[in-house]
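Sharing a structure with you now.
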Amino acid sequence: MSETETRDFIRQIIHDDLESGKHAEIVTRFPPEPNGYLHVGHVMSICLNFGVAAETGGRTYLRLDDTNPGKESKEYVDAIKRDVHWLGFDWEDRLTHASDYFGKLYESACRLIEMGCAYVDSLSADEIREYRGTLTEAGRNSPYRNRSVEENLDLFRRMRAGEFGDGEHVLRARIDMSSPNMNMRDPALYRIRHIPHQNAGDEWCIYPMYDFAHGLSDAYEHITHSLCTLEFEDHRPLYDWFLDQLKPEHRPRQIEFSRLNLAYAVTSKRKLNTLVEEGIVSGWDDPRMPTIAGMRRRGYPVAALREFVTRAGVTKKDKLIEMGMLENCIRETLGEQAERRMAVLRPLKVILTNYPENTVEMMSAMNHPARPELGTREMPFSRELWIEQDDFMEEAPRKFFRLRPGGEVRLRFGYIIRCDEVVKNAAGDVVELRCSYDPDTRSGTGSSNRKVKGTIHWVSCEHAVDASVRLYDRLFNEANPNAVDDIHSALNPKSLEVVDGKLEPALMELSAGQAVQFERLGYFCPDEKDDSAGARVINRIVTLRDSWAKLEKQAMQQQNQVV
RNA sequence: UGGGGGAUCGUCUAGCGGUAGGACUGCGGACUCUGACUCCGCCAACGGGGGUUCGAAUCCCUCUCCCCCAGCCA
């Protein structure tokens, strides 16, 4: 009964179109405008467009929708190509630009004029806005609406020839100024822009609008299903209008689905831009950014991202997905893939008073608890060690089973130790622990069966590798920062914390982007830009789930309620 | 107030006239040389009101709420 496979509504449509013979092959396109970096929302669109085609043996175009020069650049084009590739998709020879079709588009516009379906308007932008009317009032016809075909053709040719300045004229479709759909009130088709184009260079000084270029580009590429987000829903009548008038050989169908919004993250291009321009983040690829470049640098695995958008699903309902969903996908893939290592982020020194000086033992540590085939590594153990400050509490609650004065704890892959003495500085801070180890409890030896409740991680002081470790948290405190006018008020001031950590020597070998689990802490990888052999710079990808932290938090809240 | 869409556990999502299911989260427990992982269990939803029907999340009517549209942006 549960065997019936379930498809989202778009895959259902595509399945039906294939089954009915309406299409023999599915052709889709991913059409970003190269005016910014791709973000988590685009991951959804990329996976959908490339996914449905791949699943049905079809093809997908990567089309740069570059109809508005001045906002677009080569930098963004390159970033888009890099990001789509990184996600694991291949457009082969199907990299196109809307600008590749400027010639055909121009001819189509002329045909529209000849058919009496388009005219050159000489109203100013402000006047056009006034004439358009409002949501509840019909618009008025422009005084230029009834120019003759000859005059329109002449004017349009002269627009193209560069005889007019920016804004002097615009080519408009002649549809219906009283349409309840604002998009049908004689939308602009072409505007004059005397600026060079990132792909077409100086060839043009008039540029087509999205609505005119998009559907026709789809037709030229024989796109069968043109998938876009919900806000284009009421552009569909216009999309279809152009196809109805110009009757291209292939007729694409536009289908809309809802955007993917991630809680506590912005995907508005304008807001992303603000973050970059004001230096709130270090760039488009700052590891806190929800851009694909940022997530890649942060260390999010591709498989996790793809799984995430699959779980999010394809529907028409507005979504605001919890971070936890993404984090779960990341932990799931990394938990299986990432080798384990040890690192101390906030070091506290431990001296084993009964351990011989100038002695080093090599402890064998498993690289993955569930995958013995990944082998082991040797960890040097000596008299002076770093442990995590959090793993010691002078006055510990009953449930705390790490180290406390007089208490015992196991050092992972090492010995059981007892805390004998707490050393403090003048300010009263704990600066050192003097402990004794139990020689009979060495990990893996026959006599090591004695159990203690807690196990903590450690690094030998003498052998430790210094590292600057970047701990990231959400960029915003507001669940939906997209909806906030001033993002500054929504920023999380603690989105980045940098600590000086101590790494086990094996971490010397880590290569850029290679993710490992620091046991009991989380998943980490070297920063692809700032890390170097001489100075380790490590990003925290995501923490481990931490039920102790949760308990602590609850206890804290209860305490606050009592007080 | 015009037009276009959308409402199912806290969050995603399945359902297509026949027992409202899954994932994430949350809660409880088992296990543990990672308070991780894994395993077990639990909480939790059809926006409201009418109808049709033996039977409605599903069909009809109605109300409510949410999102999008007044760029020479995409």
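Convention: sequence-line order gives letters A, B, ...; per-chain numbering from 1. These numbers were taken from a predicted model, which means no experiment stands behind them.
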So, is A/R402 close to the B/G35 phosphate, meaning a side-chain N or O under 4.0 Å from OP1 or OP2?
no
Nearest to the A/D234 side chain among B/U34, B/C68, B/C72, which nucleotide is it?
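Nearest to the side chain of A/D234 among the choices is B/C68.
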Aromatic stack A/Y210/B/A74: centroid gap under 5.5 Å, interplanar angle under 30°
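Ring-base stacking flag not set for A/Y210 and B/A74.
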Any protein N or O atoms within reach of nucleotides 22-28 of chain B? Criterion: under 3.5 Å, listing atom names and distances.
residue	atom	partner	partner atom	Å
B/C24	O3'	A/N328	ND2	3.4
B/G26	OP1	A/K550	NZ	3.0
B/C27	OP1	A/Q554	NE2	2.6

Checking B/C73, B/U34, B/G2 against the side chain of A/R340 (C-beta onward), the nearest is B/U34
Is the phosphate of B/A74 approached by A/R191 (side-chain N or O, under 4.0 Å from OP1 or OP2)?
yes
Which nucleotide in the set B/C73, B/A74, B/G3 lies at the smallest distance from any side-chain heavy atom of A/T67?
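Given the options B/C73, B/A74, B/G3, the side chain of A/T67 is closest to B/A74.
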Establish, with yes or no, whether the OP1 or OP2 oxygen of B/U1 is under 4.0 angstrom from a side-chain nitrogen or oxygen of A/T136.
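Checking B/U1 against A/T136, no side-chain N or O comes under 4.0 Å of OP1 or OP2.
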Taking the minimum atom-to-atom distance to the side chain of A/R132, which one of B/C33, B/A70, B/C73 wins?
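Taking heavy atoms from C-beta onward, the closest nucleotide is B/A70.
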Would you indicate which nucleotide in B/G2, B/A14, B/A70 comes nearest to any side-chain atom of A/T6?
B/A14
Would A/R160 count as a cation-pi partner of A/Y106, with NZ or CZ less than 6.0 Å from the six-membered ring centre and within 45° of the ring normal?
yes
Side chain of A/S547, heavy atoms from C-beta onward: which of B/U34, B/C12, B/A36 has the nearest atom to it?
B/A36
Salt-bridge test for A/D186 and A/R145: reply yes if a basic N is under 4.0 Å from a carboxylate O, no otherwise.
yes
Students often get this wrong, so: under 4.0 angstrom with heavy atoms, is A/T134 touching a base, only sugar-phosphate, or nothing?
base
Determine whether any donor atom in the side chain of A/H457 lies under 3.5 Å from an acceptor atom in the base of B/A36, or the reverse, and answer yes or no.
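Check fails, no donor-acceptor contact within cut-off.
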Any A/K319 side-chain N or O less than 4.0 Å from OP1/OP2 of B/U13
yes
Any idea which of B/C12, B/A74, B/G15 is nearest the A/I321 side chain?
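Comparing B/C12, B/A74, B/G15 against the side chain of A/I321, the answer is B/C12.
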Phosphate contact (B/U8 OP1 or OP2) by A/K317 side-chain N/O below 4.0 Å
yes
Using a heavy-atom cut-off of under 4.0 Å over every strand shown, decide if A/P369 touches base, sugar-phosphate, or nothing.
base
Taking the six-membered ring of A/Y131 as reference, does the NZ or CZ atom of A/R140 fall below 6.0 Å from its centre and within a 45° cone about the axis?
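So A/R140 does make the cation-pi contact.
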Listed by chain and number, what are the ring-ring contact (aromatic ring centres under 6.0 Å, His included) partners of A/W458, not counting sequence neighbours?
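Checked A/W458 against ring-ring contact (aromatic ring centres under 6.0 Å, His included); matches are A/F381.
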